[in-house]
Amino acid sequence: MTSETVIIGGGVIGLAIAIELKLRGANVTVLCRDFQAAATHAAAGMLAPDAENIPNGAMRSLCWRSRALYPDWTRKLEELTGLSTGYRPCGILAPVFEEAGGQGSREQGAGGREQEENFSPLHSSPAYWLNKEAIHQYQPGLGAEVVGGWWYPEDAQVDNKALAHVLRTAAESIGVELKDGITVEAFLQQQGQVVGVQTNAGMIHAAHYVLASGAWSNELLPIPVLPRKGQMLSVQIPEVSPELPLKRVLFGDNIYIVPRRDRLVIGATSEDVGFIPNNTPEGIQKLLQAAIRLYPQLKHYPIQEFWWGFRPATPDELPILGTSYCQNLTLSTGHYRNGILLAPVTATLIADFILEQKSDPLLANFHYSRFQSKPSTSTPMLTHSANFSNGHHSAISPLPTPHSPLIIAGKTFQSRLMTGTGKYRSIEEMQQSVAASDCQIVTVAVRRVQTKAPGHEGLAEALDWTKIWMLPNTAGCQTAEEAIRVARLGREMAKLLGQEDNNFVKLEVIPDLKYLLPDPIGTLQAAEQLVKEGFAVLPYINADPMLAKRLEEVGCATVMPLASPIGSGQGLKTTANIQIIIENAGVPVVVDAGIGSPSEAAQAMELGADALLINSAIALSPNPAAMARAMNLATVAGRLAYLAGRMPIKDYASPSSPLTGTITS
């Protein structure tokens, strides 16, 4: 299949660009794995650059410009489809609670804002401060703690679900080809050009490509776009209610309430948990508590619906727009909380760029290169490729995958290598090794720190615990009862070091002092109790698939099978069992103990392990810091190799060079 422009992603951004290009005469195809999974469906539809206090500069100008386009843009869509988008220039009210500091807390960010003329052609948006009496008169029913607030008359709202339906209907009506259920697996490139995309439905070719796949973008390109989960709910407005209805969007502290015809939309959490789906009691409870505090009478309204979605977030929470390394691949992703707001201006800027080669000065502020600390012409953005059989094309593999987050008990880590603090010749060597390993989790023996055992003096002060997550372990415990008691001490130790929410424990129950093999019965007993007490339990075990499954069933956060006895450096002696554990596990599998060299570390990751814990092999090396770095590289290489997949093993030789087209005498 060949198209003039292929857009990857069928959310509000992808569809808006498709419609703009098509209306200007382009032939457009939109590829989407699931139109219903787009972040568009999980939003509330607020158009609120003022209420959200978007910082001065390019982002605020971009948002203002897009908000100004909304009336004409939605009118055009409604004329194309005969459907309503629910656009309302209703203004937004931002109440302030007393502890927030009253007027002064937002005055600098709202009424007192200064605009930067270099970015915006618009005048500063008006904002009006309402004192306590005025705001309660303006919007009856606000919580008693509200002492005032800001009124932003130029902010607006649109019904996000209605908008998504209108966009898709409009695209179909003007001839945009929409292909649902299409997963793009890789880009094909040749000499700085994308020459096709590999999909689950075969190869698709175009003259130009647009990446607009939101939270899934870094599955295709090494750009820092990650999912930020947002939970939301709605409550039904009673048909007969003695109170005056809520008529204005309320934008509070980490909460907003958006009135629709028969319901109130309440949102939204912002959770860095990867692609973990579903609503949670904690998330919904936080939303309801904050919403009821802001507008108490909704506590009597019946709950109508819960939902969630994944917003595409970049490290600076600004979108990635414009050129890529390939001349015919344009980026339009990472819009985070402002995808719906920025849809019209994004569509205009991207269409101008593709069809007219007009690059608006604003685009330079959102180029992907801002995340490249060391730009290099020899290592471009799209470099990682695998050869196709015809020898002409390369598939750009999803390089970010090996660096995709490791999630344990809802907490996200970028590194898949964990290290320890024991057996080093000095604190300085340990510090250097931890830094060289780039690890984010360091395990600490609670008993040795508590007793200031040799090598552990000053350990609490030796590492920066604001950057490293402590994993207290129960090393030295011979019974379940001992391990439970030491785990509780470890949790308190983490709190003393500033990690108030750290409930992790590496569970070790080891009565065998010669071979240091863990006690499976004692480990299971201790794990059951610690899970009941709210611990995230990471149990160290023999490579026993049945025990691993049982520990997962009782609620452990990981399983940690040994490769060979602790500190032995024997390498992988339990490969077959570890493979079974990995195959059956629904929690991360961390290979722990026995790895002695980087090649063994890579081999463990090639099996499909989620992470490694390595201590002795680093600490007992003549150069621990260098070995720590080597283990880091081996972990990354092993993970990438596992995801890439090895070549088939054959019984006979197979020539690497082609047998056809050779020179013969």
Side-chain angles (χ1 to χ4, degrees), residues 5-18 29-43 179 182-189 194 196-200 204 206 208-230 270 272-275 309-326 328-340 342-343 346-347 349-350 353-354 363 366-372 380-384 395-405 412 414 643:
T5 303
V6 162
I7 297 173
I8 301 157
V12 63
I13 296 296
L15 290 173
I17 295 170
T29 299
V30 175
L31 309 179
C32 186
R33 68 175 75 193
D34 181 3
F35 280 101
Q36 297 305 313
T40 312
H41 300 281
K179 300 177 77 68
I182 302 296
T183 300
V184 175
E185 298 163 351
F187 288 104
L188 310 183
Q189 67 161 333
V194 174
V197 287
Q198 184 181 351
T199 77
N200 60 336
I204 296 176
H208 202 97
Y209 303 82
V210 179
L211 181 65
S213 53
W216 291 266
S217 296
N218 82 345
E219 293 183 359
L220 291 170
L221 295 181
I223 51 178
V225 179
L226 294 174
R228 196 76 61 81
K229 179 179 169 182
S270 182
D272 189 8
V273 295
F275 285 108
F310 301 107
R311 295 175 172 133
T314 63
D316 59 11
E317 299 185 352
L318 303 180
I320 297 174
L321 303 172
T323 59
S324 71
Y325 168 71
C326 287
N328 63 336
L329 172 61
T330 299
L331 306 180
S332 182
T333 186
H335 290 76
Y336 188 37
R337 298 167 58 95
N338 293 296
I340 290 180
L342 292 175
T346 299
L349 294 178
I350 298 300
F353 178 74
I354 293 173
L363 286 177
F366 304 104
H367 196 260
Y368 79 89
S369 61
R370 70 185 188 272
F371 299 115
Q372 295 182 326
M381 178 175 154
L382 311 178
T383 56
H384 306 277
I396 302 168
S397 302
L399 180 66
T401 309
H403 300 290
S404 60
T412 301
Q414 300 304 319
L643 294 169

When you compare the side chain of Phe187 with that of Leu221, does any pair of heavy atoms fall below 4.5 Å? yes

Donor-acceptor contact present, side-chain Asn200 to main-chain Ile182, <3.5 Å: no

Residue from Val210, Asn328, Val30, Thr29 passing side-chain contact (heavy atoms from CB on, under 4.5 Å) with Thr5: Val210

Chi angles and distances behind the side-chain contact (heavy atoms from CB on, under 4.5 Å) call for Tyr209, Val197: CA-CA 9 Å; Tyr209 303 82; Val197 287; 4.0 Å; yes

OG-CZ distance between Ser213 and Arg33, expressed to the nearest 0.5 angstrom: 7.5 Å

Between the CD1 atom in Ile8 and the CG atom in Leu31, the distance rounded to the nearest 0.5 Å is 6.0 Å

Give, for atom CD of Gln198 and atom CG of Leu188, the distance between the pair rounded to the nearest 0.5 Å. 6.0 Å

Please assess Glu317 against Arg228 for the test side-chain contact (heavy atoms from CB on, under 4.5 Å), listing each intermediate value before the final yes or no. CA-CA 11 Å; Glu317 299 185 352; Arg228 196 76 61 81; 3.7 Å; yes

Which residues pass the side chain to side chain contact (heavy atoms under 4.5 Å, CB included) test with Thr412, sequence neighbours left out? Asp272, Pro405, Ile407, Gln414

Check the pair Asn218, Leu226 against side-chain contact (heavy atoms from CB on, under 4.5 Å), reporting the backbone distance first and the verdict last. CA-CA 7 Å; Asn218 82 345; Leu226 294 174; 3.3 Å; yes

Looking at every heavy atom in both Ala215 and Pro312, which two are closest together, and how far apart are they? N-CB, 3.3 Å

side-chain hydrogen bond (donor to acceptor under 3.5 Å, both in side chains) partners for Thr330, two or more places apart: His208

With side chain to side chain donor-acceptor pair (under 3.5 Å) as the criterion, how do Tyr368 and Thr314 come out once you've worked through the C-alpha distance, each side chain's angles and the decisive distance to 0.1 Å? CA-CA 10 Å; Tyr368 79 89; Thr314 63; over 6 Å; no

Sub-4.5 Å side-chain heavy-atom contact between Tyr336 and Pro319: no

Could I get the full list of salt bridge (Lys or Arg N to Asp or Glu O under 4.0 Å) partners for Asp316, not counting sequence neighbours? Arg370

Once you measure the plane-to-plane angle for Phe275 and Trp216, does it fall in the parallel (<30°), tilted (30-60°) or perpendicular (>60°) bin? parallel

With a 4.5 Å heavy-atom cut-off, do Thr346 and Ile17 have their side chains touching? yes

What closest approach, in Å, do Pro315 and Pro224 show between heavy atoms, and which atom pair accounts for it? CD-O, 3.3 Å

Can you list the residues that meet the side-chain hydrogen bond (donor to acceptor under 3.5 Å, both in side chains) rule with Thr333, with sequence neighbours excluded? Ser217

Looking at residues at least two apart in the chain, or sitting in another chain, which of them share a side chain to side chain contact (heavy atoms under 4.5 Å, CB included) with Ala343? Val12, Ile13, Ala16, Trp73

Quick check for you: to the nearest 0.5 Å, what is the distance between Leu318 atom CG and His335 atom NE2? 10.5 Å

Which heavy atom of Val225 sits nearest to which heavy atom of Gly214, and what is that distance? CG1-O, 3.4 Å

Supply the atom-to-atom distance Leu331 CG to Leu321 CG, rounded to the nearest 0.5 angstrom. 8.5 Å

Please find the pair of heavy atoms, one from Val6 and one from Ala206, that lie closest to each other, and give the distance. CG2-CB, 3.6 Å

Locate the shortest heavy-atom distance separating Ile350 from Gly322; write the atom from each residue and the value. CD1-N, 4.3 Å

Show your reasoning for whether side-chain contact (heavy atoms from CB on, under 4.5 Å) applies to Leu211 and Ile223. CA-CA 11 Å; Leu211 181 65; Ile223 51 178; 4.1 Å; yes

Roughly how far apart are Ile320 CD1 and Ser369 OG, rounded to 0.5 Å? 10.0 Å

